[in-house]
Each structure stands twice: as C-alpha cells, then as structure tokens.
Amino acid sequence: MTRPRVLSGVQPTGALHLGNWLGAIRNWVDLQDSHDTYFCVVDLHAITVPHDPGRLAEDTLTTAALYLACGIDPERSTVFVQSQVSAHSELAWLLNCVTPLNWLERMIQFKEKAIKQGDQVSVGLLDYPVLMAADILLYDADLVPVGEDQKQHLELARDIAQQRINARFAPRDAEGEPIALLRVPQPLILKDGARVMSLTDGTSKMSKSDPNEGSRITLLDPPELITKKIKRAKTDPTMGLEFGNPERPEADNLLGLYAVLSGQGREAAARECAEMGWGRFKPLLAEATVEALRPVQERYRSLRQDPASLLTVLRQGRERAAAVADATLSRVRDALGFLPPQP
Ligand code: TYM
C-alpha cells in the first residue's frame with residue numbers, strides 16, 4: 001500500500017512567525033508517520049515581490065533549518081529547495097498556458113498585495129498561484145496542509161488539475177475512459193492556528209510583510225522580545241478573555257494563541273481565563289510562548305552550527321524530489337504532445 005502524499009512549503013522571506021508555525025509547519029510534523037511527506041522552501045515564490053539578492057540564500061537556509069527545528073525529520077520527509085528542482089518552473093509554464101487570466105485576477109491575495117505595491121506589481125505576483133499549483137501537482141499530492149489564507153489558491157490548483165489538464169489532455173484507457181494525468185489535491189486546514197492575527201490589530205492577519213515588527217512574534221525572537229511584544233499587544237477595556245465575541249477580536253486571537261501554545265486546548269484555556277484581567281493574562285501568554293519556542297530555538301541553534309549537514313539534507317532532498325517531479329513533468333509533456341527529447 002502506498003501512503004498518501006503530502007506537499008507544503010513556506011516562503012523564505014524573513015523570519016517565520018507564529019502564524020507560519022501554528023497554521024502550517026506544526027501540522028506537518030504529525031503527518032510524517034502516516035504520509036509520504038515533501039516539504040519545500042519556496043524561494044521562487046519569494047521573488048514575486050522585490051527581494052534582496054544578498055539575503056535570499058541565507059533566508060533559504062534559515063527556513064530549511066527551522067523546518068527541521070520544528071520537528072521535520074529528513075529521514076522521514078523529503079526537504080528541498082524549490083528553485084533547485086527545475087520541474088517546478090517548467091510545469092508552471094505549461095499550466096500558465098491553460099489557466100484563464102481572470103482566474104488569477106480574482107485571487108484575494110493578489111489583489112491585497114497588488115494594492116500595497118502600486119506600480120511595482122510583477123507578472124510573477126499575478127502568476128504566483130500557478131507556480132504553487134505546479135509545486136503541488138508535480139508530487140501527486142493528496143493533501144496540502146496550509147493556513148486558512150491559502151484556501152483559494154488550493155481551489156485554483158484543483159480547478160487547473162481537473163478542468164484544464166485532466167479534462168482536456170488525459171489519455172484514454174482501452175475502454176476509452178480517461179486516466180487522470182494529475183491527482184486533484186485536498187487542502188488540510190486545521191481549526192486551531194489556521195488564522196493567527198496580528199498582535200497590534202486583531203482584525204488583520206499576522207504577516208511577514210507588516211512593516212510593524214511588533215505585530216508578529218517570530219520563531220527566533222529571544223524571550224525578552226517575546227515578552228515585550230506581548231506586553232504591548234493591543235487589548236480592550238473588558239475584563240476576562242473569551243472566544244467568538246466579534247467586538248473583541250484581540251481577546252479571541254490572544255486566547256487562541258494561549259490555548260495552543262500552553263497545550264491545554266480551547267475549552268480549558270477559556271475556563272482558566274474567563275475572569276482574568278489583561279494584566280494577569282499577558283505574562284501567562286508570554287511564558288507559554290517562550291516555553292513553546294524554547295526547544296525549537298535550541299534545536300535551530302545547533303543545526304545552524306553544522307551547515308554541512310544541512311546542505312546534505314537539502315541535496316538528498318533535491319535528488320528525491322526531482323525523481324518524482326521529473327516523472328510527472330514528462331507525463332504532462334507527453335500528454336500535451338511535445339516531441340520527447342532524444343535519450
Ligand atoms: P507563506 O510563506 O506566506 O505562508 C506559509 C504558510 O503559513 C501559513 N500562514 C498562516 N497561518 C495562520 N495564520 C497566519 N497569520 C498565517 N500566515 C501564513 C500559510 O497559510 C501557509 O500555509 N503560497 C504559500 C507558499 C506555497 C505553498 C506551495 C504552500 C508555495 N507553494 C505549495 C503549499 C503548497 C504561502 O502562502 O506561503
């Protein structure tokens with residue numbers, strides 16, 4: 001029996017934050033026992049907005065090291081760098097040529113990022129979800145564990161696979177039935193941590209691109225900085241923490257973080273904090289956050305002291321990933337009718 005496949009990735013743009021961890025990476029860890037797991041550092045996605053070439057390689061290594069520090073085990077998972085497996089760019093081109101422009105123009109994340117960038121918007125930013133579809137479809141992924149904000153991109157990947165590739169180009173078996181060329185993936189979005197909000201505004205998502213560093217906690221923030229950011233986090237005048245009150249988005253977000261980071265879950269956290277004032281709650285949340293990140297940070301530091309081992313993990317990952325990705329790419333090339341290269 002082959003195990004179901006999983007693929008996911010994070011962009012190496014600055015230090016990863018609690019949203020990336022709780023919405024994505026943390027959920028990858030448990031899947032390693034039951035699934036065939038592929039995790040890539042999506043560096044081609046990182047250049048869809050203006051980037052610093054002096055930092056890209058370093059940020060790529062930091063991100064890969066953080067995957068391992070969070071519990072991704074290279075013995076059980078394939079960890080690799082997207083740009084080092086050329087099939088990603090090639091399949092993205094093939095998919096580009098069958099994806100309607102207006103599917104991309106209605107992507108919420110494109111619209112949001114495009115507004116922020118003004119006249120700097122690149123074709124790559126618009127095309128970002130097609131590259132993401134290529135990432136997923138190359139590995140015949142069954143499941144894609146992501147945060148809530150990626151749901152629309154996953155739907156697009158499904159539509160491209162089903163309507164634009166399988167329906168049009170799938171070869172037929174002896175009975176004339178189409179044999180699916182690409183597997184149609186499912187998103188895996190867990191409730192806890194799927195949408196971590198900014199510390200300075202409970203109505204907007206915690207994000208790497210927010211210019212205010214105080215809006216997010218990164219996985220590498222030292223304990224004093226974590227405590228300071230939580231101390232300054234936005235609150236409201238009401239006593240007692242609660243979930244689900246639309247008037248109190250900050251209470252919902254910070255209590256949600258506490259529930260996950262303390263490990264006690266939503267019900268117990270809501271009970272513990274129902275009568276608590278912000279002045280008592282914030283140090284508790286700070287301590288839970290520092291303690292949850294401590295083992296990640298310790299492991300990260302030791303991984304970074306041994307760059308050769310990290311590079312070996314990425315080389316082995318690239319080889320394993322390329323073998324799978326190249327096979328899918330040539331299946332699609334054949335179905336689209338390209339002349340096969342001579343061996
Ligand atoms: P990126 O780097 O923006 O985000 C990486 C992952 O973190 C999740 N995430 C959040 N989850 C909860 N709360 C938040 N505030 C928060 N912010 C980010 C994202 O949902 C994502 O799971 N396009 C992808 C990268 C990508 C990808 C892929 C993912 C490229 N190719 C193929 C899966 C499969 C992205 O948003 O990256």
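One-based numbering, in listed order, for ligands and for the atoms of each. Here the structure is a predicted model, which means the values were calculated and not measured.
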Relative to each other, are the rings of Trp28 and Phe39 parallel, tilted or perpendicular (30° and 60° limits)?
-> parallel

Does Val41 share a hydrophobic cluster with Leu138, counting links as ILVMFWY side-chain heavy atoms below 4.5 Å and allowing steps through other members?
-> no

Under 4.0 Å from one or more heavy atoms of Gly193, ligand 1 contributes atoms 12 (C)

Flag the pair Asp236 and Arg248 as a salt bridge only when some basic side-chain nitrogen lies within less than 4.0 angstrom of an acidic carboxylate oxygen.
-> yes

Donor on one side chain, acceptor on other, Thr218 and Asp221, under 3.5 Å = yes

The protein heavy atom nearest to atom 22 (O) of ligand 1 is Gly147 N, 3.2 Å

Among Met197, Lys151, Arg195, Gln150, which residue places a heavy atom closest to atom 21 (C) of ligand 1?
-> Gln150

Output, in order, the C-alpha distance, side-chain angles, deciding distance and verdict of ring pair (Phe, Tyr, Trp, His ring centres under 6.0 Å) for His88 and Tyr139.
-> CA-CA 10 Å; His88 290 249; Tyr139 297 88; 5.6 Å; yes

Backbone or side-chain N or O of Lys208 under 3.5 Å from ligand 1 N or O = yes

State the atoms of ligand 1, each with its element, that fall below the 4.0 Å cut-off from a heavy-atom position in Ala24.
-> 6 (C), 7 (O), 22 (O)

Does NZ or CZ of Arg266 lie under 6.0 Å from the centre of the six-membered ring of Phe243, at an angle within 45° of the ring axis?
-> yes

salt_bridge(Arg3, Asp36) N-O dist < 4.0 Å = no

Give the residue and atom name of whichever protein heavy atom lies nearest to atom 13 (N) of ligand 1, and the separation in Å to one decimal.
-> Val196 N, 2.8 Å

among protein heavy atoms, the one nearest atom 29 (C) of ligand 1 is Gly9 O, 3.5 Å

With respect to atom 28 (C) of ligand 1, which of Met132, His17, Arg26, Gln11 exhibits the smallest heavy-atom separation?
-> Met132

Nearest non-hydrogen protein atom to atom 7 (O) of ligand 1, with distance, is Asn20 ND2, 3.1 Å

If the plane angle is over 60° it's perpendicular, under 30° parallel, otherwise tilted; pick one for Tyr38 and Phe80.
-> perpendicular

Less than 3.5 Å between some nitrogen or oxygen of Val146 and one of ligand 1, yes or no?
-> no

Nearest protein heavy atom with distance in Å, relative to atom 12 (C) of ligand 1 = Ala194 O, 3.2 Å

Output a table of donor-acceptor pairs, distance under 3.5 Å, between side-chain atoms of residues 90-99 and any protein atom two or more places apart or on a different chain; print 'none' if there are none.
unit_1, atom_1, unit_2, atom_2, d
Asn96, ND2, Ala92, O, 3.4
Asn96, ND2, Asp127, OD2, 3.1
Thr99, OG1, Leu95, O, 2.7

Asp73 bridged to Arg76 by N-O distance under 4.0 Å = yes

Enumerate the atoms of ligand 1 whose separation from the nearest heavy atom of Val144 is less than 4.0 angstrom.
-> 33 (C), 34 (C)

Under 3.5 Å, is there a donor-acceptor pair linking the side chains of Glu250 and Thr235?
-> no

Where on Leu22 is there a heavy atom closer than 4.0 Å to ligand 1, on the side chain, on the backbone, on both, or on neither?
-> neither

Can an N or O of Met206 be found at a distance shorter than 3.5 Å from an N or O of ligand 1?
-> yes

Atom 31 (N) of ligand 1 sits nearest the protein heavy atom Asp135 OD2, 2.6 Å

Side chain, backbone, both or neither: which part of Cys40 comes within less than 4.0 Å of ligand 1 when only heavy atoms are counted?
-> neither

Same apolar cluster (I L V M F W Y, side chains within < 4.5 Å links), Trp103/Val184 | no

Tell me which part of Leu131 gets within contact of ligand 1: side chain, backbone, both or neither, using heavy atoms under 4.0 Å.
-> neither

Looking only at protein heavy atoms, what sits closest to atom 20 (O) of ligand 1 is Asp149 OD1, 2.4 Å

Answer with side chain, backbone, both or neither: which part of Val42 has a heavy atom less than 4.0 angstrom from an atom of ligand 1?
-> side chain

Can you find an N/O atom of Tyr128 closer than 3.5 Å to an N/O atom of ligand 1?
-> yes

Nearest heavy atom to atom 10 (C) of ligand 1: which of Gly23, Ser8, Gly19 does it belong to?
-> Gly19

Using a strict 4.0 Å threshold on nitrogen-to-oxygen distance, state whether Arg164 and Asp159 make a salt bridge.
-> no

Quick note on ligand 1: atoms under 4.0 Å from a heavy atom of Leu7 include exactly 32 (C), 34 (C)

